[in-house]
Structures are given as structure tokens and as C-alpha cells.
Amino acid sequence: MNAAFPLIFEKDRPGRKGFSLPPCDVPLKPLEELLPQECLRKSRLDLPRLSEVDVVRHYTALSRRNYGVDSGFYPLGSCTMKYNPKINEDVAALAGFASIHPLQGDPTYQGALELLYNMEQCLKEITGMERYSFQTVAGAHGELTGLLIILAYHRSRGEKRNRVLIPDSAHGTNPATVTMTGCEVLQLPSNDKGLVDTATLKAHLDEKTAALMLTNPNTLGLFEKDILEISRLVHEAGGLLYYDGANLNAIMGHCRPGDMGFDVVHLNLHKTFSTPHGSGGPGSGPLGVTARLESFLPYPVTAKDGDRFFLDYQRPRSIGKVHSFFGNFGVVVKAYTYIRMMGARGLKQASDDAVLNANYLLNCLKDIYHVPYRGPCKHEFVLSAKLQKKRGAGAGDIAKALLDYGLHPPTVYFPLIVEEALMIEPTETENKETLDHFVEALKEIAAEIETDPVKIKGAPYSTPVRRLDEVLAARKPVVRWKKEP
Ligand SMILES: Cc1ncc(COP(=O)(O)O)c(C=O)c1O
């Protein structure tokens with residue numbers, strides 16, 4: 001029994017119910033005559049018995065304990081937690097989108113196919129790729145599918161390449177994905193500016209190189225200015241270039257992965273294109289490729305013949321399917337709505353504002369927290385709390401202390417190459433007052449650490465639960481309530 005906040009099952013009271021209806025005046029047959037015997041319940045369905053008002057209050061109270069972009073600032077670096085416009089939800093909820101089934105047949109959902117087709121044209125224009133698949137339902141899923149395509153491409157040329165180069169600043173999903181494909185990871189050390197060092201890269205390229213995986217701007221929020229040289233070197237060695245699109249929010253309308261020389265791109269619609277994040281689902285990580293890889297994409301892809309849209313299954317070189325039907329279609333509808341609402345100029349402005357907001361924060365904080373790699377940054381930046389750590393409270397403590405200001409903490413301890421990392425991504429949707437509140441909070445916390453670090457180590461003080469045992473929570477999560485006998 002959780003006395004402070006009982007579960008809905010613990011509020012169960014025999015006899016209570018959430019409806020009241022007048023007695024039925026239609027003669028009813030006994031259930032036994034309506035349903036086969038084996039389909040009838042033998043015992044009561046063990047659902048909690050409550051009145052409607054109890055249920056509403058229970059879930060309203062729960063919702064108040066939640067924190068999301070609709071509650072406040074969410075500067076989680078690398079995750080682009082921008083506001084999700086509600087118009088996206090309205091459009092995705094239209095019956096013509098929400099109530100269709102992929103098996104009902106092409107002629108009956110021409111509008112949905114047209115949307116997928118149009119979305120593909122938008123993403124092609126934004127990224128400079130040749131074709132897209134929407135089957136991939138998260139960034140990491142895009143990475144896996146993209147690498148499988150790269151490997152299929154090398155195999156089709158009779159080449160056995162099984163090494164993938166990844167900078168040491170990369171997101172953890174990059175090496176994890178490589179390992180899942182059975183390839184070998186080769187970690188590239190970043191140079192003192194936090195960028196790929198072309199000489200080091202060159203030294204590691206050979207006939208085993210399948211690909212280089214890169215984000216640009218990288219996870220330090222810095223633009224890989226040598227990208228054209230990097231691309232030339234990788235291609236000359238016979239490898240391909242994979243673009244982790246998690247950071248596309250910094251460059252929309254300014255430059256395109258395709259023009260930088262990338263061969264495969266995944267996008268995170270739940271980052272750049274304002275759809276809700278959903279722990280790998282319901283997300284969407286569309287995968288784009290250049291012309292030479294197009295035939296390897298998962299099938300089916302959307303195609304157009306005159307005025308008719310259809311699903312093209314005739315793809316003998318395809319790596320196969322990686323998800324049912326065409327991925328999380330509803331998420332694509334939301335992202336398409338966002339793109340059409342913003343227009344080309346709006347998307348460029350979004351990137352401009354994301355970069356402006358990040359640089360504003362960086363400049364406000366650079367004298368308080370250590371900046372390991374000097375800006376200007378793109379859409380995010382990384383601070384180090386190593387000075388604060390020496391004084392008694394580090395990045396994790398600062399993150400907890402921010403909760404008492406009603407703020408979501410930034411990403412901490414990533415990228416791994418920065419000691420006591422605080423990775424901050426404000427996004428373009430925040431106003432100056434919100435940014436100033438965040439700066440003030442971080443300044444106050446830093447000042448508090450100088451005088452009373454123990455207090456910061458005890459934070460948070462105002463949240464429903466204080467410090468959890470994170471190891472126990474990860475190793476032995478209790479996610480199901482069991483009735484006491
Ligand atoms: C740089 C980077 N790459 C890849 C991913 C994985 O994306 P997803 O969470 O959509 O699987 C993330 C997610 O935060 C990321 O920040």
C-alpha cells in the first residue's frame with residue numbers, strides 16, 4: 001500500500017461503480033444463450049470499483065505529477081524537446097487518417113498514400129536524399145536499417161567490409177547498432193576542438209571500412225567544418241557515410257546532408273519535426289538514401305503512377321521489411337502537418353532560432369561553468385561541472401537541484417568525452433524569459449555549491465519523490481502491482 005499516493009486498485013470499494021443507468025426495459029436473453037460457454041468468465045474481472053469522480057480525480061492528480069514540454073522547459077541535449085503544436089494532433093486524429101487499416105487496399109486510402117508521398121518529397125528537399133522509407137520507427141531503428149543497407153550494398157559489389165568508424169563523442173546508439181549488425185566498431189578520437197581529425201580518420205580508413213557514422217553538428221553542438229574533406233576521404237577508401245539526423249534541427253534550410261556527401265540519413269520526426277517523443281515508439285525515424293542505395297530500401301515504398309498512388313513491393317534487391325506496413329503512420333501525419341505549417345522559410349527560421357537560443361544560454365553561463373569546447377555552438381552546447389564537482393556537487397546533483405526550480409534538467413554525463421557533462425539544448429520554441437529563468441537557476445545552484453554543497457547534494461526537496469535508488473530502479477524495476485493475498 002502506497003499511503004501517500006494509493007494506486008487506483010487500492011481505492012477499490014465493493015459496490016461502487018462509475019455509472020448509473022435506469023433498469024433495462026428490453027428483454028435480454030441470458031448470457032449463456034448469447035455466448036459459447038467457453039467464452040464466459042468464471043470469475044469477476046478484477047477491476048477497481050470506483051465512482052466516476054474518483055477516477056477523474058485519480059488520473060488528474062497523476063497527470064499533475066508528470067512533466068513534459070507542455071509543463072515547462074525541457075533542455076535535454078541531443079533530444080530536441082521542442083514544443084509539439086496541437087494542430088498536429090488534430091490533423092492526425094481526423095477519421096480519414098486515424099480509422100484506416102493498411103490491409104483495406106490502395107484504392108481506399110489514396111489520401112494517406114498521397115501524404116506519405118508528399119512527405120517523402122519534403123524530406124528529400126530538406127536533406128538532399130533520393131528516396132525515403134517510413135518503416136523505421138525510431139532513430140536507432142533507422143541506424144540499424146541504414147547499416148543493413150550499407151552492408152547489402154558492399155555485398156552486392158562483392159566486397160566484405162565490416163568495420164564502422166564512429167567518433168568518440170557519438171551517441172550510444174551508434175556503437176550499439178554497429179554491434180547488432182555483427183560489424184566491428186572503430187572509435188575515432190576527437191581533436192582538441194571536439195571535431196573529427198582528418199589525419200586520424202585517414203589513418204584508420206582501409207579496405208575493411210564499411211562506413212563512417214556521424215552527426216553534424218556533432219553531439220558537442222559543433223559543426224564538422226571539414227565535412228567535405230571527410231566525405232571525400234571515406235568515399236575514396238570505398239566506404240559510405242551515415243548521417244545520424246538527431247541534430248538536423250540546427251541546419252534546416254542552411255545545408256543538407258546530401259550535399260555534404262552523406263549516403264544514408266535517418267531523421268527523428270520526434271525531434272526535428274515536433275512530434276511527441278515515445279521511447280522508441282510511437283516514434284518515427286524515416287530513412288533516406290542516395291540513388292545508388294535506393295533499391296535496397298525496405299519494401300514496400302510509396303510510388304505514383306499518373307494520378308494513382310500505390311505501394312511498390314517489386315523490389316528484388318530490398319533488404320526486406322523492418323516493421324509492419326509503413327511504420328508509425330500517425331507520427332508521419334503529425335510531422336507532415338508541422339512541415340506544411342512552417343513552410344520552407346519557417347523551418348529555416350526554426351533552425352536560426354534554435355542556434356540563437358543555444359548561443360544566448362552559452363554566453364550567459366560560460367563564466368560560471370567550464371566550457372570544454374569553445375563556441376559559437378549550433379543548436380546545443382556542452383558545459384562541464386568539474387569545478388563544481390571539486391567543490392562538492394557535480395553534474396548529477398545540479399540536475400537534481402534544477403527540479404526544485406520547476407525545470408527539467410539537461411542531459412548529464414554525455415557526451416562521454418566531457419567530464420561532468422551538462423548538455424543543454426533549449427530548442428527554438430522557448431522565449432527569453434524562460435531562458436533567463438534557467439540561467440538564474442544554474443547561477444544560483446553554482447553559488448549554493450560554493451557555500452553549501454551538501455544542500456545541493458540533498459536536492460530535490462519539492463518533488464513527489466526525492467532521490468531514487470537509480471541502480472535498483474534499473475536492475476529490479478517494479479512495474480506491476482500485485483494484489484496482496
Ligand atoms: C545523437 C543521437 N543519435 C541517435 C539517437 C537515437 O534516436 P532514437 O531515440 O529516436 O532512437 C539519439 C537520441 O537521443 C541521439 O541523440
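Atoms within a ligand are numbered from 1 in the order they appear, just like the ligands themselves.
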Original post:
Under 4.0 Å between a Lys/Arg side-chain N and an Asp/Glu carboxylate O for D469 and K476?
Top reply: no
Subject >> Salt-bridge present (E294, R317; N to O < 4.0 Å) >> reply: no
**OP:** Mark up the atoms of ligand 1 that fall under 4.0 Å of a heavy atom belonging to N268, in ascending order.
**Re:** 7 (O), 8 (P), 10 (O)
Subject >> Nitrogen or oxygen atoms of C79 and ligand 1 under 3.5 Å apart >> reply: no
Subject >> Any K271 heavy atom less than 4.0 Å from ligand 1 >> reply: yes
Subject >> Within-cut-off N or O pair, T219 and ligand 1, under 3.5 Å >> reply: no
Original post:
Within the structure, does G139 bring an N/O atom to less than 3.5 angstrom of an N/O atom in ligand 1?
Top reply: yes
Subject >> Per atom 10 (O) of ligand 1, closest listed option by heavy atom (E380, H171, H270, M213) >> reply: H270
Original post:
Charged N to carboxylate O below 4.0 Å: is that the case for E89 and K86?
Top reply: no
Original post:
Strictly by modelled atom types, are S274 and N88 linked by a side-chain donor-acceptor pair under 3.5 Å?
Top reply: yes
Original post:
Has ligand 1 got any nitrogen or oxygen that is less than 3.5 angstrom from a nitrogen or oxygen of H141?
Top reply: no
Subject >> Per-residue contact class, A246 against ligand 1 - non-hydrogen pairs under 4.0 Å >> reply: side chain
Original post:
Using 30° and 60° as the class limits, which term best fits the ring planes of H266 and Y242: parallel, tilted or perpendicular?
Top reply: tilted
Original post:
Restricting to pairs with a member in residues 211-226, which pass salt bridge (Lys or Arg N to Asp or Glu O under 4.0 Å), not counting sequence neighbours?
Top reply: none
Subject >> side-chain hydrogen bond (donor to acceptor under 3.5 Å, both in side chains) pairs, two or more places apart, involving residues 374-385 >> reply: N247-H379
Subject >> Sub-4.0 Å atoms of ligand 1 with respect to non-hydrogen atoms of A140 >> reply: 6 (C), 7 (O), 8 (P), 11 (O)
**OP:** Run down the list D244, L76, L267, N247 and name the one with the heavy atom closest to atom 3 (N) of ligand 1.
**Re:** D244
